[in-house]
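To start, the structure itself, in structure tokens.
These figures come from a predicted structure and were not determined experimentally.
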Amino acid sequence: YPWLPVNEETQGKLPGQFIVIYGRPKSIKSFVAIYMACHDYLSSRRRVMFYTREMHPMLVAQRMAACIAGVDYKAFKNGQLQPELKAQTFNILQELMEDEKNAGETGTVQPALKIVSDRGAGGSGGGVSWLRSKIKEFKPHIVYVDGMYLMRDDRTNQRTVDWKAIAHISQDLKLTAQEFEVPLIGVTQANRGSQKSAGEDLTELAFSDSLGQDADAVFRVSKKERIDDHKIKQSEIWITAPGLREGKFEGIVVGGNPCTDFSFKRLLTGMEKDDDAAQQSNQKQRSNQPSVSPNYKNSFVQDIRPPLKK
């Protein structure tokens with residue numbers, strides 16, 4: 001993992017492990033997975049396969065190029081980078097594309113970062129069996145599956161979010177990790193109930209309980225906003241671990257600026273998580289209170305006021 005406290009608690013991503021990352025929509029969980037994949041490729045010098053079901057492969061490649069270059073993704077996406085940074089990022093993007101083409105030609109020990117998608121595969125793509133064929137072909141050291149809940153269930157040959165189908169996909173992904181002896185990281189959604197939770201319960205996982213049962217480690221990603229000592233709003237990412245087969249991990253806080261700062265900031269404490277859960281609960285209670293017309297009180301007073309004597 002890119003963060004030392006997580007490695008100290010888990011001993012890293014181990015061969016044969018099935019690891020789940022989840023969060024609510026727009027919680028930057030896909031960005032976190034992309035950052036982890038880039039770290040595996042650059043710092044650990046691994047062969048990394050990133051299978052995308054949620055985003056177009058080119059969009060994933062652009063995010064990876066911005067992460068590797070360390071440039072602001074929003075500025076890159078909107079064409080607002082300085083010319084030299086823009087040229088540097090596009091050079092990295094081109095190198096990633098060349099690495100993908102040459103990965104199979106230079107031998108299986110060569111570090112590489114390969115993005116795969118079943119777009120254009122027709123009815124034959126999208127299932128775990130299709131992913132297994134790509135693993136056999138590329139021989140990666142680690143596999144990421146972004147949007148695992150969108151995969152096709154090979155047992156029923158259907159693509160649905162029915163809990164039975166998700167359970168089949170979860171079980172097959174775990175077996176795949178064990179058979180090929182690679183860590184396999186799946187990215188999925190949290191249910192709506194997670195908005196009022198501190199990230200300590202696997203019931204937050206959407207679609208199927210099987211995900212929590214099959215996974216060797218489960219990490220929850222939450223985006224937070226806070227005001228720093230200089231009265232400036234800062235984005236943070238809370239990464240907690242409600243599901244570890246061994247050990248207990250309160251969580252960490254990392255920077256929340258995609259591609260430029262996912263660095264470790266501090267360890268999470270139980271008190272900090274309790275305070276956040278209480279704040280979210282209070283916000284929800286206030287939002288559920290019925291609105292009162294500003295003229296309600298005046299009209300009521302007027303109704304009960306006795307008529308003036310003539």
Nearest heavy-atom neighbours spanning Ser30 and Arg63: CB-NH1, 4.4 Å
Does Leu14 belong to the same Ile/Leu/Val/Met/Phe/Trp/Tyr cluster as Phe18, with side-chain heavy atoms less than 4.5 Å apart forming each link? no
Find out whether Gln189 and Glu54 are in side-chain contact, i.e. whether some heavy atom of one side chain is under 4.5 Å from a heavy atom of the other. yes
Going by heavy atoms in the side chains, are Trp3 and Glu9 under 4.5 Å from each other? no
Return the minimal non-hydrogen interatomic distance between Arg53 and Gly126, and the atom names on each side. NH1-CA, 4.4 Å
Has the side chain of Asp154 got a donor or acceptor atom that lies under 3.5 Å from a matching backbone atom of Ser129? yes
Residues in side chain to side chain contact (heavy atoms under 4.5 Å, CB included) with Glu84, at least two apart? Gln82
Search all heavy atoms of Tyr144 against all heavy atoms of Ala37 and return the closest pair with its distance. OH-N, 3.6 Å
Can you confirm whether Leu131 sits close enough to Val145 that some side-chain heavy atom of one is under 4.5 Å from a side-chain heavy atom of the other? yes
Could you tell me whether Glu236 and Lys265 have a side-chain N and a carboxylate O separated by less than 4.0 Å? no
Side-chain donor or acceptor of Arg47 paired with backbone N/O of His141 under 3.5 Å: no
Side chain to side chain, Pro2 and Tyr35, heavy atoms closer than 4.5 Å: yes
Hey, could you give me the CZ/CD1 distance between Arg226 and Ile232, rounded to the nearest 0.5 Å? 10.5 Å
List the steps and the verdict of side-chain hydrogen bond (donor to acceptor under 3.5 Å, both in side chains) for Glu250 and Thr240. CA-CA 6 Å; Glu250 289 286 356; Thr240 55; over 6 Å; no
Test log, rule side-chain contact (heavy atoms from CB on, under 4.5 Å), inputs Ile166 and Trp163: CA-CA 5 Å; Ile166 301 300; Trp163 70 268; 5.6 Å; no
Please assess Phe50 against Asp146 for the test side-chain contact (heavy atoms from CB on, under 4.5 Å), listing each intermediate value before the final yes or no. CA-CA 8 Å; Phe50 196 98; Asp146 187 26; 3.8 Å; yes
Just jot down the side chain to side chain contact (heavy atoms under 4.5 Å, CB included) partners of Pro140, sequence neighbours excluded, or say none. Met49, Ile135, Phe138, Val143
Return the orientation label for the Phe219 and Phe249 ring planes: parallel under 30°, perpendicular over 60°, tilted otherwise. perpendicular
Are any of the side-chain heavy atoms of Thr89 and Leu93 separated by less than 4.5 Å? no
Side chain to side chain contact (heavy atoms under 4.5 Å, CB included) against Ser222, all qualifying residues, sequence neighbours excluded: Arg220, Lys224, Trp238
To the nearest 0.5 Å, atom CG of Asn257 lies from atom OH of Tyr73 at 15.0 Å
Same hydrophobic cluster for Val218 and Leu175, using side-chain heavy-atom links shorter than 4.5 Å among ILVMFWY? no
Decide side-chain contact (heavy atoms from CB on, under 4.5 Å) for Ile237 and Lys223; before the verdict, give the C-alpha distance in whole Å, the side-chain angles of both, and the deciding distance to 0.1 Å. CA-CA 5 Å; Ile237 302 297; Lys223 185 179 180 182; 4.1 Å; yes
Kindly give the heavy-atom pair with the smallest separation between Ala33 and Val187, and that separation in Å. CB-CG2, 3.8 Å
Does the side chain of Glu95 reach to within under 4.5 Å of the side chain of Ile68, using non-hydrogen atoms? no
Tell me yes or no: between the side chains of Tyr1 and Glu8, is some donor less than 3.5 Å from an acceptor? no
By salt bridge (charged side-chain N to carboxylate O under 4.0 Å, His left out) - contacts of Asp214 (at least two apart): none
When rounded to the nearest 0.5 angstrom, what is the spacing between CZ in Phe180 and NZ in Lys136? 5.0 Å
Judged by modelled atom types alone, do Thr156 and Asp153 share a side-chain donor-acceptor pair under 3.5 Å? yes
Of all the heavy-atom pairs spanning Cys67 and Cys259, show the shortest one and how long it is. SG-SG, 3.5 Å
Judged by atom type as modelled, is there a donor-acceptor pair below 3.5 Å linking the side chain of Ser44 to the main-chain atoms of Arg46? no
Atom pair CG (Leu85) and CG (Asp72), whose distance is rounded to the nearest 0.5 Å: 10.5 Å
Before you tell me yes or no, could you show the steps for Tyr51 and Met151 under side-chain contact (heavy atoms from CB on, under 4.5 Å), namely the whole-Å CA-CA distance, both residues' side-chain angles and the distance that decides it to 0.1 Å? CA-CA 11 Å; Tyr51 172 43; Met151 296 183 72; 3.8 Å; yes
Under the salt bridge (charged side-chain N to carboxylate O under 4.0 Å, His left out) definition, can you give me all pairs with a residue in residues 167-184, not counting sequence neighbours? Arg132-Glu179, Arg155-Asp172, Lys174-Asp216
Assess the residue pair Asp118 and Arg152 against the criterion (salt bridge (charged side-chain N to carboxylate O under 4.0 Å, His left out)); give the C-alpha distance rounded to whole Å, side-chain angles, the decisive distance to 0.1 Å, and a yes or no. CA-CA 11 Å; Asp118 56 87; Arg152 177 171 54 83; over 6 Å; no
How long is the span from the OH atom in Tyr22 to the OG atom in Ser27, to the nearest 0.5 Å? 10.5 Å
What closest approach, in Å, do Val20 and Ala215 show between heavy atoms, and which atom pair accounts for it? CG2-CB, 3.8 Å
Quick check for you: to the nearest 0.5 Å, what is the distance between Gln171 atom CD and Leu211 atom CG? 10.0 Å
Side-chain heavy-atom pair Leu267, Ile252 within 4.5 angstrom cut-off: yes
Holding to salt bridge (charged side-chain N to carboxylate O under 4.0 Å, His left out), I want the full list of residues that pass it with Lys86, two or more places apart in sequence or in another chain. none
Should the pair Arg45 and Tyr41 be classed as cation-pi, given the thresholds of under 6.0 Å to the six-membered ring centre and 45° from the axis? yes
